[in-house]
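In what follows, chains are A, B, ... by sequence order, proteins preceding strands, each numbered from 1. It should be emphasised that the depicted structure is a prediction, and the values quoted were computed from it without experimental measurement.
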Protein chains: 2
Amino acid sequence: MDRPLELDDQLCFPLYAAARAVTRAYSQLLADAGLTYPQYLVLLALWSSESPLSVGELGERLHLDSGTLTPLLKRLETAGHVTRRRDPADERRVLIALTGSGEALRGVAAEIPAEVGAMVGIDVGQAEVLKGLLTTIIDRLESR
Amino acid sequence: MDRPLELDDQLCFPLYAAARAVTRAYSQLLADAGLTYPQYLVLLALWSSESPLSVGELGERLHLDSGTLTPLLKRLETAGHVTRRRDPADERRVLIALTGSGEALRGVAAEIPAEVGAMVGIDVGQAEVLKGLLTTIIDRLESR
DNA sequence: TTCAATCATATTGTGCGCAATATGATTGCG
DNA sequence: CGCAATCATATTGCGCACAATATGATTGAA
């Protein structure tokens, strides 16, 4: 029963399709706030941080590089949700800080995870199992 | 212990990051063949099919729309791996067929899933659990 | 101190994803 | 039959992802 080249028999395709489906669900809920899903992830990271984060620190947390983050952060800046300034202590670094507007979005976003969770409707235990397996995959592939 | 707005406490972020990590792993192995990961998925669908598939049928299987597929298929056509022709029986449809070159790639691609599987290193049982949960998520989100 | 190596971010180029819209073919109702 | 609604694909526009490269700041060894 070995059909590794069937679309539905591989792990990679459900993973790819599920990630897009979840991103799409988030995107629709985030559209009201004028945010994209990756922009929401950047804000999540900033909301969790006591102080501004550099582009590199955001990249580490989100596993994204400057080619993705630089234009995304400029759009968030244009929208008024963050500020970008060189770190005076190290002019190579660019520090990203939340504005009042960026802070305020936290309230709007607070309901969204539960809404998507309700759509998906898997229980907490299964979600933990899933998260554990996904984290294992990330760690294994990223440590090479 | 309710911190829904922490990056690592949500399911969506590991899902997003794992899908990108797996896509990246595949992309590196596919680069030799000059293929991208979505192009590989299209070929997977065609390799599994007895006869040519229309753009719409490919879109159903891959959960992608014509905005993504049309340019991708034109690139596969330019590379010589598929042909695109109107269905004589219904001129609205465009049929995608494998060429000899496209068929030949099946041999090159055959090793790749096992290689990525070895990198990820989760056992078959866990992979089945994961696939089941991901499929549930896809079904729930797509049926709305 | 100097300057080559390293580091952090930015830029460029290509290929997705996807919403919105356009175009042309087909169908079916009156 | 005639034509409006529907259908399949294509086009447009925007925002990621990411590899490759460029730019400018910092560091450290001679």
Side-chain angles (χ1 to χ4, degrees), chain A residues 13 16-32 34-43 52-60 62-79 84-96 141-142, chain B residues 13 16-32 34-43 52-60 62-79 84-96 141-142:
Chain A
F13 176 67
Y16 164 80
R20 285 190 299 117
V22 169
T23 297
R24 218 178 295 131
Y26 268 87
S27 297
Q28 285 160 5
L29 298 174
L30 288 165
D32 291 338
L35 292 175
T36 66
Y37 179 68
Q39 289 168 10
Y40 163 78
L41 292 180
V42 165
L43 291 177
L53 294 174
S54 71
V55 173
E57 288 164 340
L58 281 169
E60 266 180 54
L62 302 175
H63 310 287
L64 290 171
D65 72 2
S66 71
T68 300
L69 285 173
T70 296
L72 185 159
L73 292 169
K74 286 181 177 176
R75 284 186 285 271
L76 281 180
E77 183 185 37
T78 300
R84 300 165 64 246
R85 64 184 175 83
R86 292 277 164 187
D87 183 345
D90 182 345
E91 292 277 345
R92 291 173 303 182
R93 289 157 45 90
V94 170
L95 296 177
I96 309 301
L141 289 178
E142 224 108 295
Chain B
F13 176 66
Y16 164 79
R20 285 191 297 118
V22 169
T23 298
R24 217 178 295 131
Y26 267 87
S27 297
Q28 285 159 6
L29 298 174
L30 288 165
D32 291 339
L35 292 175
T36 66
Y37 178 68
Q39 289 169 8
Y40 163 78
L41 292 180
V42 166
L43 292 178
L53 294 174
S54 71
V55 174
E57 288 164 340
L58 280 169
E60 265 181 54
L62 302 175
H63 309 287
L64 289 171
D65 71 3
S66 71
T68 300
L69 284 174
T70 296
L72 185 159
L73 293 168
K74 286 183 176 175
R75 283 187 286 271
L76 281 180
E77 184 185 36
T78 300
R84 298 165 65 247
R85 63 183 176 84
R86 292 277 163 189
D87 183 345
D90 183 345
E91 293 277 346
R92 290 173 304 181
R93 289 156 45 90
V94 170
L95 296 177
I96 309 301
L141 289 179
E142 224 107 294

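- Judged by distance alone, with hydrogens and angles left aside, the side-chain atoms of E60(B) form no donor-acceptor pair with the main-chain N or O of E57(B) at under 3.5 Å.
- Here the side chain of S27(A) pairs a donor or acceptor atom with the backbone of T23(A) at under 3.5 angstrom.
- dT12(D) atom C1' lies 12 Å from atom NZ of K74(B), rounded to whole Å.
- With L58(B) as the partner, the side chain to side chain contact (heavy atoms under 4.5 Å, CB included) test is satisfied by one option alone out of L69(B), V94(B), L72(B): L69(B).
- Taking atom OH of residue Y26(B) and atom P of nucleotide dA19(D), one finds them 17 Å apart after rounding to whole Å.
- For the pair R93(A) CZ and dT26(D) C1', the interatomic distance rounds to 13 Å; values are reported in whole Å.
- Note: CZ (R75(A)) to C1' (dC16(D)) measures 7 Å, nearest angstrom.
- Residue-level contact check: S54(A) touches the backbone only, with heavy atoms under 4.0 Å from sugar-phosphate atoms and none from bases.
- In this structure, the side chain of Q28(A) does not engage the main chain of A25(A) through any donor-acceptor pair within 3.5 Å.
- A cation-pi arrangement, defined by a distance under 6.0 Å to the six-membered ring centre and an angle within 45 degrees of its axis, is present between R20(A) and Y16(A).
- Take the nearest nucleotide of DNA chain D for P88(A) and for T68(A): the residue whose nucleotide is more 5' is T68(A).
- At whole-Å resolution of the value, CD in E91(A) and P in dT27(D) are 12 Å apart.
- A side-chain donor-acceptor contact under 3.5 Å links T78(A) to the backbone of K74(A).
- The CD atom of Q39(A) sits 14 Å away from the C1' atom of dA17(D) (whole-angstrom rounding).
- Contact annotation: T36(A) side-chain N/O to dC16(D) OP1/OP2 distance is under 4.0 Å.
- Note on S66(B): a base of the nucleic acid sits closer than 4.0 angstrom, heavy atoms only.
- Mapped onto DNA chain C by nearest heavy atom, G67(A) and P38(B) fall at different nucleotides, with G67(A) at the one closer to the 5' end.
- Between D65(B) and L72(B), the residue anchored nearer the 5' end of DNA chain C, judged by the nucleotide with its closest heavy atom, is L72(B).
- Within 4.0 Å of L69(B), counting heavy atoms only, lies no atom of the nucleic acid at all.
- If you take CG of L30(B) and C1' of dC18(D), they are 15 Å apart, rounded to a whole angstrom.
- Between E91(A) and R86(A) no salt bridge is recorded (no basic side-chain N to carboxylate O distance below 4.0 Å).
- Protein chain B contacts DNA chain C over a range whose 5' and 3' limits, counting nucleotides with an atom under 4.0 angstrom from a non-hydrogen atom, are dG15(C) to dT26(C).
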